[in-house]
Participant: 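Take this structure, written in structure tokens, and hold onto it; I'll ask about it next.
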There are 4 protein chains.
Amino acid sequence: MMTDTARRTPGKIVLGHTNYGKSDIRLVKVFRNQERHEIKELRVDVSQEGDFTAAHVEGDNTDLMATDTMRNTVYALARDHLTTSAEAFGIELVRHFLEAAPRANRVSVRMIEYPWERIEAAGRPHEHSFVRGAGERMAEVTGDEAGNFGVEAGIDDLLVLKTTNSGWAGFLRDRFTTLPETDDRILSTVVTSRWSYGGATDLDFDGLWEGIRRRILESFTDHYSPSVQFTLHHMGKAVLESFPEVEWIHFSLPNRHHLLYDLERFGIENEGVVFHADAEPYGLIEGTVERSS
Amino acid sequence: MMTDTARRTPGKIVLGHTNYGKSDIRLVKVFRNQERHEIKELRVDVSQEGDFTAAHVEGDNTDLMATDTMRNTVYALARDHLTTSAEAFGIELVRHFLEAAPRANRVSVRMIEYPWERIEAAGRPHEHSFVRGAGERMAEVTGDEAGNFGVEAGIDDLLVLKTTNSGWAGFLRDRFTTLPETDDRILSTVVTSRWSYGGATDLDFDGLWEGIRRRILESFTDHYSPSVQFTLHHMGKAVLESFPEVEWIHFSLPNRHHLLYDLERFGIENEGVVFHADAEPYGLIEGTVERSS
Amino acid sequence: MMTDTARRTPGKIVLGHTNYGKSDIRLVKVFRNQERHEIKELRVDVSQEGDFTAAHVEGDNTDLMATDTMRNTVYALARDHLTTSAEAFGIELVRHFLEAAPRANRVSVRMIEYPWERIEAAGRPHEHSFVRGAGERMAEVTGDEAGNFGVEAGIDDLLVLKTTNSGWAGFLRDRFTTLPETDDRILSTVVTSRWSYGGATDLDFDGLWEGIRRRILESFTDHYSPSVQFTLHHMGKAVLESFPEVEWIHFSLPNRHHLLYDLERFGIENEGVVFHADAEPYGLIEGTVERSS
Amino acid sequence: MMTDTARRTPGKIVLGHTNYGKSDIRLVKVFRNQERHEIKELRVDVSQEGDFTAAHVEGDNTDLMATDTMRNTVYALARDHLTTSAEAFGIELVRHFLEAAPRANRVSVRMIEYPWERIEAAGRPHEHSFVRGAGERMAEVTGDEAGNFGVEAGIDDLLVLKTTNSGWAGFLRDRFTTLPETDDRILSTVVTSRWSYGGATDLDFDGLWEGIRRRILESFTDHYSPSVQFTLHHMGKAVLESFPEVEWIHFSLPNRHHLLYDLERFGIENEGVVFHADAEPYGLIEGTVERSS
């Protein structure tokens, strides 16, 4: 056990790590100087890290950028710099803030992008009307004073389900184990995934994201799953094998339990047909698949 | 102004209208005795109305069905009676509860259905793997002891947006009016709609729902919108004209304001390009389009 | 069963009931011209009903008040008219809108008030620092052109729980009933209540609300509960008996099931000690207690 | 800029860090063998880290504890080991899981505790009836195979507001800065705080939590706040000075902007009286106050 000497003889009280910024900036850009309109909807969080001791300790705000200024900046730069991917826009924002904020030595821009699809009208995609699709796309760009960049992307809120080809057996049994084994169950999860492109800033981020999402979905389907853990590694491996641009990929996979409802009590047979989709509690399996050095 | 005599001389205290039931029953059914699996996911609320005075006033539960029994019943009947639409399943449930619950003289079953689409793998739709789509489908069946049925259906959480062909002008101006007029704005709303099939119980509810959803989307796109009010009536009329099965249709349309961000302050031109998607407050426009007698 | 003649021979398509307004106006007022500051936080929804056919059908906005104007008005009138209760403020708002909006013949103002309590500092309540308390207070005022007013108040999000003195037995049993009877269980619910003061506009709404809330809590504790239904009627009766100002009171009571966890499987005795607080499904019991004429 | 050599010449694909467990276990314990009942409500998340490679890569579940077993264990151990604080219960759970799970070398138990207060009835606190209070208490215990423990506690969802004695001036101005300076504004935030007791496992965790919460509230009130940053450091310093048991304290403070509503446009004076409580975007200020070594 840790000694708690430190606790008994406390040192001087100091400011530790700090960061601040503007969260939940809701931005919509319309691309209208073209035959067919396009739109991009982003929710942006800006965060600056650095030496903000003067403000924290002495109340001296001289070198603090107001978070309101960060907001104005995001809208202003969107005008000319949000032209392709969220990632490319994030890189421009990070560059700007590193220059404009004298005390910030590291800046992060985190973006959620909401998918909009064209409405079909009169048999063809409409030129300026859209309907929101499912799921969310994530992008996060971090940069520092030394010019290092890191670009991550991700998926939120992607619900998937397999009606078969999944089981859970051979696990540890102890005094408190009551769960029976099964070699055929429903497997359902809400995929939250993050992956890294390392320091690369010039990739086709839109094309990569589409490809990685498709690869995750495909590799969810193509094997017998003996556990969520196995499927996690299997999907991660599939992405890293197909996309050399990806350094690592992390998954957070809640196991949305589907429990066969006991209808035998009523004399009704129920072999894998009627399930209760349990809301809580849920198993949560998390892990990273990466490249060894 | 109302007299408040009633308030000063209160009458006898009595039980008024009551209802009770089970809410948030989460049901998944797998159709597996076929070449390709299918699934249906419903969230079901059961509600019974009737004369429950004995339980409320005397604590006599003799004729009360436990809400736990309602839950069991929903899962049990799903085994054989959830074969086509949620509406058809709701009709069976209502029939059952009217018979099984001696004091219930009116029963409602409300269902939310979540859309699941097949995952594309190896270039074709997978046989047992699914991904959740956007939006929600609603169905509500009500029946009474006299054998009358009412079937309603609806859409929740359908986000739509037009980048042009919408304005807001010529409205009332008073001392507190500051909003400028515009003939070109973003129009965005989250469509919540309910409609009635009257007492018909034998319709192609799945086909109708798909058709009505498509009609709503199309009629959102096909006109210049001088107000959300106009678009509401326009969409409702389009549905009633195309679908004689529909008696009335109700819309609840929050006006999700998109405010052009003022970039002129920074010397940056912004003609309909960069918008702030405001979260609150929001205009809320509601109305019904119906058939006259 | 209803004939569906109407459906087969649809009549003319017409506009039915409509209403529109501004929702989620977030207002904070500081009372600072006094020894100790006070604050009031309201979330306000304004809704107007009337004959808005010209706007809906012809796109003529001439007599439509912009919802943005409604927002401005709420803030502007708060300056001088939000002095005591939310209800009294609502009455002023309704009067204003009935006069200002030429086509509105009925106006509703719905308000949620959030409770703020003084922070205790140095042993006494601080003069300008506050901490948010639990629960929400509701008030709704409706008025029409003829000068009739209706005032309702309510409680949202009041969680209560009894560890004993509650049971559920003697209920109906059928083929699908598996629930055992019990004469000692946890009873827990989230009280949502609405009540009416009729047309009275000059009551001590703040004092009444405090008293009614206290009466609901007390009457939740003071009896053996054979069902949620019984407790609903018991609480309603208690309020109507104590407060002649109240015409009727409605409760919506989700039964938040607490299931004794089966520890006997592990050789551990568990008589009413360890429970699983189930999130879903939940029983939902609703009813009104009123005065007979 | 980072070289992206690694990306171009990917190494072998391997499993990185993993963890898994059960989330959202909802537990209520009644203490009934005493004159007056007491209750404790916890939401528990269990997480195990370790070498789970066999399961992830080979589908071998031999050494995996089912998350269902974790759930059973939490309820079972609550019977005898949830007697005082959540922290003390967490320590027992961590010890159990480290022993029972052969591959886990580090275990975390995260708990949210919901406050329940006695209902006042007939002028005194009732013996078995409770009402939920505001806010949430957090506790997290982590332990490893080597016997090291770490205990953290925290506060969630504590809304505070000052009507005066707060400003924001003297900050950095650049091209995109439009915010005016102020020396009198509303300061409002939702305090989320975490702090560490280091490796100490035998403290009066309940008493400490109450004291720290009170200290945070008091130190929020007792100074002129030139920025959220300053107040963050000020509150952290106050806690560390008063409680030597605390090694560090972290705050996450969203700046819930209250904007003075412009009523001058309508000829209405509004000096610090009527505010719009903006929902988004919000400034987010985060930081740690700690002891130097």
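Convention: sequence-line order gives letters A, B, ...; per-chain numbering from 1. When reading the values below, keep in mind they use all heavy atoms of this one structure, side chains included, and skip hydrogens, waters and symmetry mates.
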Participant: Going by side-chain hydrogen bond (donor to acceptor under 3.5 Å, both in side chains), name the residues that satisfy it together with Ser23(B), two or more places apart in sequence or in a different chain.
Facilitator: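 By the side-chain hydrogen bond (donor to acceptor under 3.5 Å, both in side chains) rule, Ser23(B) matches no residue at all.
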Participant: At under 4.5 Å between heavy atoms, what parts of residues 43-52 of chain B are in contact with chain C? List them by residue number.
Facilitator: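 Heavy-atom contacts from residues 43-52 of chain B to chain C are absent.
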Participant: Going by the rule ring-ring contact (aromatic ring centres under 6.0 Å, His included), which residues pair with His96(B) if we only count those two or more places apart in sequence or in a different chain?
Facilitator: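 Here the qualifying residues are Phe176(C).
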Participant: What residue, out of Leu232(C), Thr178(C), Asp63(C), Val228(C), has the most heavy-atom pairs lying under 4.5 Å from chain B?
Facilitator: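 Highest number of heavy-atom pairs under 4.5 Å: Thr178(C).
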Participant: Tell me whether the centres of the aromatic rings in Phe205(B) and Tyr197(B) are closer together than 6.0 Å.
Facilitator: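 Judged by ring-centre distance (under 6.0 Å), Phe205(B) and Tyr197(B) do meet the cut-off.
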Participant: Asn72(C) side chain to Tyr75(C) main-chain N or O, any donor-acceptor pair under 3.5 Å?
Facilitator: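 Looks like no, no N/O pair under 3.5 Å.
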Participant: Residues in ring-ring contact (aromatic ring centres under 6.0 Å, His included) with Phe171(C), at least two apart?
Facilitator: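 Listed in chain order: Trp168(C).
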Participant: Is Glu280(B) salt-bridged to Arg26(C), cutoff N-O under 4.0 Å?
Facilitator: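 Arg26(C) and Glu280(B): salt-bridged.
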Participant: Select one option (side chain, backbone, both, neither) describing which atoms of Asp174(C) are under 4.5 Å from chain B's heavy atoms.
Facilitator: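 Asp174(C) touches chain B through side-chain heavy atoms alone.
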Participant: For the candidates Leu253(C), Val289(C), Val57(C), which exhibits the highest count of non-hydrogen atom pairs separated by less than 4.5 Å from chain B?
Facilitator: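 The answer is Val57(C).
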Participant: Which bit of His257(C) is near chain B, if near means a heavy-atom gap under 4.5 Å: side chain, backbone, both or neither?
Facilitator: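 When you check distances to chain B, only side chain atoms of His257(C) fall under 4.5 Å.
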Participant: Between Asp68(C), Asn255(C), Asp144(C), Asn19(C), which residue shows the highest count of heavy-atom pairs closer than 4.5 Å to chain B?
Facilitator: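 Greatest number of close heavy-atom pairs with chain B: Asn19(C).
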Participant: Taking every non-hydrogen pair under 4.5 Å, which of Thr18(C), Ile25(C), Asp60(C) racks up the most with chain B?
Facilitator: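 Most heavy-atom pairs within the cutoff with chain B belong to Thr18(C).
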Participant: Examine whether an atom of Leu179(C) lies under 4.5 Å from a heavy atom of chain B, and if so say whether it belongs to the side chain, the backbone or both; otherwise answer neither.
Facilitator: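 Both the backbone and the side chain of Leu179(C) come within 4.5 Å of chain B.
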Participant: For Thr67(C), is it the side chain, the backbone, both, or neither that has a heavy atom closer than 4.5 Å to a heavy atom of chain B?
Facilitator: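 Just the side chain, heavy atoms under 4.5 Å.
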Participant: At a heavy-atom separation under 4.5 Å, does Leu77(C) approach chain B through its side chain, its backbone, both, or neither?
Facilitator: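 For Leu77(C), side-chain heavy atoms alone lie under 4.5 Å from chain B.
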Participant: Could you tell me whether Glu99(C) atom CD has more than 12 heavy atoms of other residues or ligands within 6.0 Å of it?
Facilitator: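 No - once you tally the heavy atoms of other residues, nucleotides and ligands closer than 6.0 Å, there are 12 at most.
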